[in-house]
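Below is one structure; the comments refer to it alone.
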Amino acid sequence: MRRRLLSSTLVVAVIAVLLLGVPLGVVVSRLIMDEAAQELGAEAKRLVGEVEYARVQETPLDPQQLQQKYPSRFIEIWERDTPLRMTAVGHPPPSGQLMTEDAQTNTGVYVRISRDREQVEQDVRARLLLIVALAGAALAVAVSLAVVQSRRLTLPLQDLAKIAERLGSGDARPSKHRYGIPELDRVAQVLDRSASRISDLLTREREFATDASHQLRTPLTGLTMRLEEIVAASDQPEVVREEGEAAIVQAERLTAVIDELLAAARRQRHAQAEPVAVDEVLAQQITEWEPVFRDTGRTLHLEGSRGLKAMATTGGFGQVVASLLENSLRHGGGTVAVTTTSSDNYVVVEVADEGPGIADEIAPKIFERNVSGAGGTGLGLTLARALAAADGGRLELVRRRPATFAIFLRPAEDGNGRGRVVSGPA
C-alpha cells in the first residue's frame, strides 16, 4: 500500500509540474526575449535622439562616450545616405546571432543598434534551469509528503491489523489507540467496543464455569457421603436401602442444579419461579446435612411457622439454603437453627448458628465475589444471593454475631389473590 501511495503521489506531482512548468518555461523565455528586444529598441530611440541633437548643435559624436553609455552594443549610424559607422565594443557579433533594432528621424538620421543574441539565450537558459530546479524541489517535497502520509496511513492500518489479530487470538483488551484520522479512529472505536463485548462474554463464561463448579460441588459432596455410608453399611440391607434412596435424592438434586445453571445461562430463571412448599425444601436440606453436622458434634434443627409457600424455583431455593448450611458448617459453631416466618410481603427463612460471627472488616462486603473470612473460595454467598435474586427474592446478613442470614422470598398467591407483590427484591 505504501508503494502504491508513493507511486500515485509521484505521478500526480509529475503531471502537475509538467502542466505548470512547461507553459511557465515558454512564457518566461518569451518574456525575456521580448524584454531584451524592447530594451534594445529603447536604446535605439535614445541614441537616434542624441545623434539628432549633436547634428543640430553641430557637435561631433564622441565614440568613447557612446561606448560607455551603450556597452556590449554594435552601433551603426547613417546620415543622408552617408554611413558613419561606430562600433561600441569589439567586433560585431557572429553572423546570425544578432538582435537588431532600428530607429530614424525625419531629417534623415538612421540608427541601427545590435547585441549578441547568445547573451539573451544564456539568460533564458538560466531562468529555465531555475524553473527545473524549483520543479525538482516540488517533486522532492511531494515525495516527502507522500512518504509521511503513507506512513501516517499504513502504520495505523498495521496497528489495527495487529489489534484485530490479537482480538481473534482471545486477547480481548481494548487498545484505546487513536490516530487523528476520523475513518481509522472509527475503526479503532469499533474494535474497542468489540473487544469490550468479547471480554464481557469471556468474563461471564469464566464466571459461569466457576459458579457451576461451585454449585455442583455441594450436591456432589452430599452424594459422596451417602455412597460412603452405603459402603460402610454393606452388611445392613435396611441402612443400604435408606442411604440408596437418599443418594437417589441427591442425584435428582444434582440434576436440578444443572437445570438451574442452564436456565440461568439463558436468563430464564425468573420466568420459571413458581409456588414452592418451603417445608419440603428445608426438610430435604436438613435430611441431607444433618449427618454431616452430627459427625462434627453439632446439631441442626428446623423451627418456626409451617405450611408456608413462596415463589421460587426448587433447585435455586434449595441451593441457597445448602450454601448457608455449608457456610455455617465451615465457619460457624454450635447449633444451627433454620427458622421460618411470614408476613404480608415476605416469607423469611433465617439460618443462624452460635459461632464467633463475621469480622467487622469483611461484613460490608461479605456478598462480594472472592471475599472470604477463613480461606474459602469466596463464591458461595455471592452465588446464593444471585440465586435468591433470580427467584425474585433477596439474601441478607441480618446479624453479624452470631452470624444470621435471612432469605426473603415472595409469598405465593392464594385463590383470593392475596400475597401478590411487586416482582423482584425490595
Side-chain angles (χ1 to χ4, degrees), residues 197 199-222 253-276 278 281-282 284-285 288-289 310-331 338 345-351 358 362-374 376-398 400 403-412 421-426:
R197 287 194 293 268
S199 179
D200 292 341
L201 290 174
L202 291 176
T203 300
R204 286 198 293 268
E205 291 294 333
R206 295 189 187 102
E207 290 180 353
F208 176 77
T210 303
D211 296 349
S213 62
H214 187 277
Q215 292 191 51
L216 292 174
R217 182 171 58 86
T218 300
L220 284 174
T221 300
R253 179 169 169 242
L254 182 59
T255 303
V257 170
I258 294 174
D259 292 339
E260 291 293 331
L261 289 172
L262 294 176
R266 299 187 183 96
R267 299 296 189 268
Q268 295 175 348
R269 282 187 47 82
H270 189 73
Q272 293 178 349
E274 59 185 4
V276 172
V278 175
V281 176
L282 295 180
Q284 177 187 0
Q285 293 299 322
E288 293 178 6
W289 288 93
M311 297 298 295
T313 54
T314 303
F317 177 38
Q319 185 66 27
V320 175
V321 176
S323 296
L324 295 179
L325 293 177
E326 182 181 13
N327 188 71
S328 178
L329 177 65
R330 289 176 175 270
H331 309 300
V338 181
N345 296 325
Y346 296 107
V347 171
V348 183
V349 179
E350 292 186 357
V351 179
I358 299 174
I362 67 169
K365 50 185 179 180
I366 191 65
F367 293 105
E368 294 181 8
R369 181 176 289 270
N370 300 324
V371 174
S372 176
T377 61
L379 295 175
L381 293 177
T382 303
L383 296 177
R385 171 172 266 195
L387 289 171
D391 284 341
R394 73 177 193 270
L395 174 62
E396 300 290 346
L397 174 65
V398 295
R400 297 182 181 180
T404 302
F405 292 90
I407 308 170
F408 296 85
L409 297 175
R410 296 174 295 154
V421 295
V422 177
S423 175

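Residue indices begin at 1 and follow the sequence shown.
Summarising the geometry of Val320 relative to Ala384, their closest heavy-atom pair is CG2-O, 3.4 Å, with the distance given to 0.1 Å. Nearest heavy-atom pair, Val276 versus Ala312, reported as atom, atom and distance to 0.1 Å: CG2-O, 3.3 Å.
Within the structure, the salt bridge (Lys or Arg N to Asp or Glu O under 4.0 Å) test picks out the following pairs touching residues 380-390 (sequence neighbours left out): Arg385-Glu396.
One distance of note links CG of Leu325 with CD of Gln285; it measures 6.5 Å at 0.5 Å rounding. Within the model, atoms OG1 of Thr313 and CD of Gln319 stand 10.0 Å from one another, a figure rounded to the nearest 0.5 Å. Taking CG of Asp391 as the start and CZ of Arg410 as the end, the distance is 8.0 Å to the nearest 0.5 Å. Atom NZ of Lys365 and atom CG of Leu381 lie 14.5 Å apart (nearest 0.5 Å). Here CG of Leu395 is found 10.0 Å from CG of Leu387. Values are rounded to the nearest 0.5 Å.
Between Met311 and Pro275, the closest side-chain pair of non-hydrogen atoms falls below 4.5 Å. In this structure the side chain of Tyr346 never reaches within 4.5 angstrom of the side chain of Leu409, judged on heavy atoms. The shortest distance between side-chain heavy atoms of Val278 and Phe317 falls below 4.5 Å. Using a 4.5 Å heavy-atom threshold, the side chains of Thr404 and Leu397 count as separate. Between Val321 and Trp289, every side-chain heavy-atom pair lies at or beyond the 4.5 Å cut-off.
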Does Phe405 form a side chain to side chain contact (heavy atoms under 4.5 Å, CB included) with Val349? I'd like the steps, not just the answer. CA-CA 8 Å; Phe405 292 90; Val349 179; over 6 Å; no

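A distance-only check finds a donor-acceptor pair linking the side chain of Thr382 to the backbone of Glu368 [under 3.5 Å].
Qualifying side-chain contact (heavy atoms from CB on, under 4.5 Å) partners for Pro364, counting only residues two or more places apart in sequence or in other chains: Arg400.
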